[in-house]
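Atom set for the values below is all heavy atoms of this structure, side chains included, hydrogens, waters and symmetry mates excluded.
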Amino acid sequence: MTGLEIWLLAIGLAMDCFAVSIASGIILKRIRWRPMLVMAFFFGFFQALMPFLGWIGASAFSHLIESVDHWIAFAILSFLGGRMILESFKDEECRKEFNPASLKVVLTMAIATSIDALAIGVSFAFLGIRDFSEILPPTGIIGFVSFAVSLIGLLFGIKCGCGIARKLRAELWGGIILIIIGIKILIEHLFFS
């Protein structure tokens with residue numbers, strides 16, 4: 001994967017964090033740096049950790065399926081992107097259903113929003129990332145982008161509220177980005193390798 005693809009992938013993965021952060025910002029109503037930084041840190045941490053764990057798990061057997069690895073990467077990215085697109089069309093009201101200042105809630109949300117990143121780590125193994133030094137840059141970028149996007153989402157939710165947040169459709173755009181990357185990987189392997 002190129003550097004641009006990794007940054008786009010990181011942005012696509014961070015859209016779940018962005019959407020949850022906007023909702024959390026709406027609930028917080030005012031800037032409270034400590035809970036905001038804690039939430040952004042854990043979102044970034046788990047978004048970086050999960051691809052690393054997925055890569056470790058898949059690296060052990062990626063050599064067994066090298067002939068179809070591009071199809072697997074395409075399927076994973078398309079599935080995750082499609083799911084994000086479908087989620088973006090669900091009608092949800094802005095309600096207080098959780099406390100974004102609670103560490104337990106933050107950890108639960110951080111893990112829930114990073115499950116997709118675990119699957120991305122599996123696809124990294126299938127795309128030929130073979131050693132530790134190769135996996136650190138993409139996971140670091142994913143973690144950094146998720147941290148930054150989470151802070152932006154929190155501030156946006158605090159300042160703008162629910163109406164404008166819904167119009168952005170962050171999950172829709174994140175899903176589209178993941179599908180485009182999957183298609184690009186498939187086309188490169190089928191026609192240019």
Side-chain angles (χ1 to χ4, degrees), residues 1-22 39-59 61-62 65-66 68-88 109-153 156 168-193:
M1 291 183 89
T2 67
L4 177 62
E5 289 173 332
I6 292 169
W7 281 94
L8 288 173
L9 177 67
I11 292 167
L13 284 173
M15 290 301 108
D16 281 347
C17 297
F18 186 62
V20 171
S21 295
I22 289 172
M39 179 181 284
F41 170 79
F42 279 112
F43 278 19
F45 176 76
F46 279 99
Q47 287 284 356
L49 177 66
M50 292 297 203
F52 182 73
L53 295 176
W55 172 77
I56 288 173
S59 291
F61 63 88
S62 65
I65 54 175
E66 278 183 76
V68 294
D69 59 2
H70 51 284
W71 285 103
I72 293 170
F74 167 73
I76 290 170
L77 290 169
S78 295
F79 172 76
L80 296 175
R83 196 179 83 200
M84 285 177 70
I85 290 169
L86 289 174
E87 290 290 320
S88 75
M109 291 188 306
I111 292 168
T113 57
S114 66
I115 297 300
D116 294 353
L118 185 70
I120 296 299
V122 171
S123 70
F124 283 162
F126 296 145
L127 293 174
I129 295 178
R130 299 282 181 238
D131 70 34
F132 190 72
S133 64
E134 291 179 86
I135 194 67
L136 288 182
T139 56
I141 290 169
I142 290 168
F144 171 76
V145 168
S146 297
F147 173 83
V149 165
S150 297
L151 268 182
I152 292 167
F156 188 80
L168 282 179
R169 304 194 61 95
E171 283 184 311
L172 172 67
W173 292 108
I176 290 170
I177 289 170
L178 292 182
I179 290 172
I180 289 171
I181 292 171
I183 291 169
K184 182 184 180 296
I185 289 168
L186 188 62
I187 289 171
E188 283 178 350
H189 279 80
L190 291 177
F191 301 109
F192 300 107
S193 62

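- For the atom pair L49 CG and L118 CG, the distance stands at 9.0 Å (nearest 0.5 Å).
- Between the side chain of Q47 and the backbone N or O of F43 there is no donor-acceptor pair closer than 3.5 Å.
- Here the straight-line distance linking atom CZ of F79 with atom CD1 of I179 works out to 11.0 Å at 0.5 Å rounding.
- A distance-only check finds no donor-acceptor pair linking the side chain of R83 to the backbone of D116 [under 3.5 Å].
- Closest non-hydrogen pair, F42 versus A110, comes out as O-CB, 3.6 Å.
- For the pair F124 and L9, the minimum side-chain heavy-atom distance is below 4.5 Å.
- Looking only at distances, a side-chain donor or acceptor of S114 sits under 3.5 Å from a matching main-chain atom of I111.
- Nearest approach of R130 to A125, heavy atoms of both residues: NH1-O, 3.2 Å.
- Aromatic ring orientation, F18 versus F156: tilted (interplanar angle from 30° to 60°).
- Atom CG of residue L8 and atom CG of residue L13 lie 11.0 Å apart, to the nearest 0.5 angstrom.
- Using a 4.5 Å cut-off on side-chain heavy atoms (C-beta onward), T113 and F46 make no contact.
- To the nearest 0.5 angstrom, I142 atom CD1 is 11.0 Å from C17 atom SG.
- When the side-chain contact (heavy atoms from CB on, under 4.5 Å) test is applied to L136, the partners found at least two apart in sequence or on another chain are F132, T139.
- Between the CD1 atom of I135 and the OG atom of S59 there is a distance of 7.5 Å, given to the nearest 0.5 Å.
- Smallest separation of non-hydrogen atoms from L151 and A40: CG-CB, 3.7 Å.
- W55 places a side-chain N or O within 3.5 Å of a backbone atom of I129 that can act as its donor or acceptor partner.
- Nearest heavy atoms, A14 versus V145: CB-CG1, 4.0 Å.
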Verdict with supporting geometry, I11 and V149, side chain to side chain contact (heavy atoms under 4.5 Å, CB included):
CA-CA 8 Å; I11 292 167; V149 165; 5.7 Å; no
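- Between the CE atom of M109 and the OG atom of S150 there is a distance of 9.5 Å, given to the nearest 0.5 Å.
- The salt bridge (Lys or Arg N to Asp or Glu O under 4.0 Å) pairs that include a residue from residues 2-20 are E5-K184, where partners are two or more places apart or lie in different chains.
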